[in-house]
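Numbers for residues simply follow the sequence, beginning at 1. For clarity, every value in this text was computed on a predicted model and none was experimentally measured. Side chains are part of it too, since the values below use all heavy atoms of this structure and drop only hydrogens, waters and symmetry mates. Whatever order the structure lists them in is the order used to number ligands and atoms, beginning at 1.
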Amino acid sequence: MEIKTLGVIGAGQMGSGIAQVASTSGLNVIMNDIRDEFVENGFSTIEKSLDRMVKKEKITGDEMEAILGRIEGSTGLEDMIRADAVVEAATEDVALKLEIFRNLDGFCKPGVILSSNTSSISITKIAGATSRPELVIGMHFMNPVPMMKLVEVIRGLATSDDTFETTRTLALKMGKTPVAANDYPGFVANRILMPMINEAVYALFEGVGTAEDIDEIMKLGLNHPMGPLTLADLIGLDTCLAILEVLHKGLGDGKYRPCPLLRKYVDAGWLGRKSGRGFYVY
Ligand code: CAA
């Protein structure tokens, strides 16, 4: 099936970014979230990102209008009946994702590939909530989606070769570089990134350094574009905690134990950039 219309579930920072790059590549996009205001926030994130690109003369004002014009907002999952492929980018919560996939399986046309942008949850388990496990796959984009080249492509136990190839082709069309990873907790990117972020939080917790100094040391000493605590604030501390819980539970090793300070920040609602406060104040 030729993919002309892509459904995106979730209009948060990842969902809106995925909608933006899909539309930029010429696809029609249905960007869905549970409430109108979430969809509107998604559109305003996309506008800000495109505005930046217009100012830098990477795209023209007309191109920006065309990109926005190809994205349709939606608050009903039944709209996905018109999608030729779907990428789910809802909150990192297993029960929620299983429910979304169960519903998508009911609404989407037969043969439609259902992919998840999950950062750590088992694709095999998500696929198990549908009657089409051979058509379920992981498409893990990185934040900020318009800037980051990688898409980790994760096959579940039953994912077919056709689904894998079509997904790779879709990622390439969206201007990304697909790289395969196997279905284990956290796949590759977060299996390695999250223990580093967690260790940075422990270093802060134990007073090894201030947030600023920990970040500066990692930036200047290891040539990272951002320090780990700044990056955690960008990703969202709730998302970091959720991924660490999946690693801890799924791999059963104490080395993935989330730092108590991370848990405390999340309890306080200090979720990073999106809530205005995390390790830094925005
Ligand atoms: N939309 C459009 N343009 C953007 C943008 C956005 N959302 N964000 C940044 N840019 C552009 C800027 O306009 C700027 O353009 P020019 O080069 O033309 O000037 C360029 O990107 C660089 O931006 P800045 O100068 O503001 O800042 P920077 O040099 O630090 O780059 C960054 C920003 C690309 C985000 C860089 O800091 C970076 O690569 N950080 C690390 C990001 C990272 O590790 N992401 C992975 C997170 S983990 C994940 O996503 C997986 C998961 O499951 C949790």
Side-chain angles (χ1 to χ4, degrees), residues 10-24 41-59 63-64 67-68 87-93 97 115-123 138-154 171 174-179 181 184-198 200-201 215-216 218-220 222-247 250 256 258 262 266 271-274 278 280 282:
Q13 53 184 349
M14 298 306 288
S16 64
I18 294 165
Q20 178 183 332
V21 296
S23 174
T24 302
N41 283 344
F43 273 109
S44 85
T45 306
I46 296 172
E47 272 174 48
K48 270 187 222 136
S49 171
L50 292 174
D51 248 341
R52 254 166 116 159
M53 294 182 183
V54 171
K55 289 205 179 86
K56 304 255 160 138
E57 296 182 355
K58 288 182 187 160
I59 58 169
E63 280 167 336
M64 171 168 169
I67 293 167
L68 286 169
V87 183
E88 170 278 328
T91 309
E92 196 64 4
D93 174 309
K97 291 203 192 272
S115 56
S116 176
N117 178 56
T118 179
S119 19
S120 58
I121 297 169
S122 162
I123 299 301
M139 237 186 143
H140 183 214
F141 291 81
M142 302 287 135
N143 188 2
V145 180
M147 303 309 299
M148 305 299 284
K149 278 276 171 210
L150 178 71
V151 175
E152 239 180 333
V153 181
I154 307 109
M174 289 164 79
K176 303 297 175 196
T177 305
V179 183
Y184 289 98
F187 319 127
V188 172
N190 282 315
R191 170 88 176 250
I192 297 171
L193 173 65
M194 285 302 154
M196 183 187 75
I197 287 179
N198 199 37
V201 185
D215 276 348
E216 202 63 2
M218 297 301 283
K219 263 174 71 176
L220 301 182
L222 291 107
N223 247 358
H224 290 187
M226 289 177 162
L229 300 172
T230 305
L231 182 57
D233 275 357
L234 174 73
I235 295 167
L237 303 191
D238 51 342
T239 302
C240 292
L241 179 60
I243 298 170
L244 280 160
E245 303 272 29
V246 170
L247 291 175
Y256 301 107
L262 179 63
V266 172
L271 306 181
R273 249 173 228 246
K274 64 184 168 189
Y280 298 92
Y282 297 90

Nearest-option assignment for atom 2 (C) of ligand 1, heavy atoms, candidates S49, A242, C240, S16: S49
Heavy-atom protein contact below 4.0 Å for atom 15 (O) of ligand 1: yes
S119 backbone acceptor or donor facing E92 side chain under 3.5 Å: yes
Exercise check, heavy-atom protein proximity under 4.0 Å to atom 29 (O) of ligand 1: no
Which segment of M142 sits under 4.0 Å of ligand 1 when only heavy atoms are counted: both
Nearest protein heavy atom under 4.0 Å from atom 26 (O) of ligand 1, yes or no: yes
Residue, atom name and distance, where the atom is the protein heavy atom closest to atom 12 (C) of ligand 1: R52 NH2, 3.4 Å
Spacing of C240 atom SG and L193 atom CG [to the nearest 0.5 Å]: 7.5 Å
Within-cut-off N or O pair, T239 and ligand 1, under 3.5 Å: no
Ligand 1 atoms in contact with L193 (distance to a heavy atom under 4.0 Å): 48 (S)
Protein heavy atom under 4.0 Å of atom 37 (O) of ligand 1: yes
Any non-hydrogen protein atom less than 4.0 Å away from atom 51 (C) of ligand 1: yes
Donor-acceptor pair, side chain of K97 and main chain of E88, under 3.5 angstrom: no
Nearest atoms (heavy-atom pairs only) where E152 meets V188: OE2-N, 2.7 Å
Distance from atom 19 (O) of ligand 1 to nearest protein heavy atom, with residue and atom: K56 NZ, 2.7 Å
P225: numbered ligand 1 atoms lying under 4.0 Å from its heavy atoms: 36 (C), 37 (O), 38 (C), 39 (O), 40 (N), 41 (C)
From T45, V145, N143 - option closest to atom 45 (N) of ligand 1 by heavy atom: N143
Modelled atom types, side-chain donor and acceptor of S120 and N190, under 3.5 Å: no
Ligand 1 contact by K58, heavy-atom criterion under 4.0 angstrom: yes
Pick from M147, M226, K149: the one approaching atom 8 (N) of ligand 1 most closely through a non-hydrogen atom: M147
K274, NZ: over 12 other non-hydrogen atoms inside 6.0 angstrom: yes
Heavy-atom nearest option to atom 44 (O) of ligand 1, drawn from T118, L231, T230: L231
Flag side-chain contact, heavy atom, 4.5 Å: I18 against M174: yes
H140 touching ligand 1 at heavy-atom level, < 4.0 angstrom: yes
Contact atoms of ligand 1, heavy-atom distance to M53 under 4.0 Å: 2 (C)
Heavy-atom side-chain proximity of M64 to M53 below 4.5 angstrom: no
Backbone of T45 reached by a side-chain donor or acceptor of S49 within 3.5 Å: no
Heavy-atom pair with the smallest gap, counting every atom of P228 and A200: CG-CB, 3.6 Å
Top protein contact for atom 54 (C) of ligand 1, by heavy-atom distance: I235 CG2, 3.5 Å
Ligand 1-proximal atoms of P144, by part, heavy-atom distance under 4.0 Å: side chain
Sidechain-backbone polar pair: D233 side chain, Y280 backbone, donor-acceptor under 3.5 Å: yes
Donor-acceptor contact present, side-chain Q13 to main-chain I235, <3.5 Å: yes
For S119, the ligand 1 atoms whose distance to one of its heavy atoms is below 4.0 Å: 53 (O)
S116 side chain vs T118 backbone, donor-acceptor pair below 3.5 Å: yes
